[in-house]
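Working notes, beginning with the structure itself.
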Amino acid sequence: SGKFIPLADLITDDRTDYNWEAYQSAEAASFIDYFVYKYGIDNFRILYESKSPFDSTTQVICNMNLKALQHDWLQVVSQAIKKNKQNIKR
């Protein structure tokens, strides 16, 4: 679709627009997949259950700020897409 919701917006958006929610759900699923892959299910549970702000919790778990975390997530996604395209060509 070409639409990207920055991580900072994704975690705080409270819109009730069905079309927007579809984008949110897809991106959230991608981020959760990345997070569990990179940091493990136990750390995801800590993140999910934390009462602290999202950015504070990810800073502790991931040792990077939200902007760096978003950059890393997008890099991992980009690498996965390239790898998938290479596998399709074979």
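When reading the values below, keep in mind they use all heavy atoms of this one structure, side chains included, and skip hydrogens, waters and symmetry mates.
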Worksheet item: What residues, two or more places apart in sequence or in another chain, satisfy salt bridge (charged side-chain N to carboxylate O under 4.0 Å, His left out) together with D33?
Response: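 So D33 forms no salt bridge (charged side-chain N to carboxylate O under 4.0 Å, His left out) with any residue.
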
Counting C-beta onward and ignoring hydrogens, is there a side-chain heavy-atom pair between [X] and [Y] closer than 4.5 Å?
X   : Y   : answer
V77 : F31 : no
N63 : Q59 : yes
T57 : V60 : no
Y39 : L47 : no
F54 : T12 : no

Discussion item. For W73 and F4, take the angle between the two ring planes, folded into 0 to 90°, and tell me which bin it lands in: parallel under 30, tilted 30 to 60, perpendicular over 60.
Written reply: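 The rings of W73 and F4 sit tilted, inter-plane angle from 30° to 60°.
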
Worksheet item: side-chain contact (heavy atoms from CB on, under 4.5 Å) between F35 and N43: does it pass, once the steps are laid out?
Response: CA-CA 8 Å; F35 193 90; N43 279 322; 4.2 Å; yes

Fill in: Joint cluster assignment, I61 & Y37, ILVMFWY side-chain distance < 4.5 Å
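No, separate clusters.
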
How long is the straight-line distance from [atom2] of [Y] back to [atom1] of [X], given to the nearest 0.5 Å?
X   : Y   : atom1 : atom2 : value
S52 : I46 : OG    : CD1   : 11.5 Å
T58 : L7  : OG1   : CG    : 7.5 Å
L69 : D55 : CG    : CG    : 10.5 Å

Discussion item. Would you say that more than 12 heavy atoms from the other residues, nucleotides or ligands in this model lie under 6.0 Å from the NZ of K67, or not?
Written reply: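 For K67, atom NZ is not crowded (no more than 12 foreign heavy atoms under 6.0 Å).
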
Worksheet entry | Partner set under side-chain hydrogen bond (donor to acceptor under 3.5 Å, both in side chains) for S56, not counting sequence neighbours |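 Here no residue qualifies.
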
Worksheet item: If you take all heavy atoms of K38 and D72, which pair is closest and at what distance?
Response: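 What the structure gives for the nearest pair is NZ-OD2, 2.7 Å.
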
Practice prompt. State whether the side chain of D9 and the backbone N or O of I5 hold a donor-acceptor pair below 3.5 Å, judged by distance alone.
Written response: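 Answer holds: no.
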
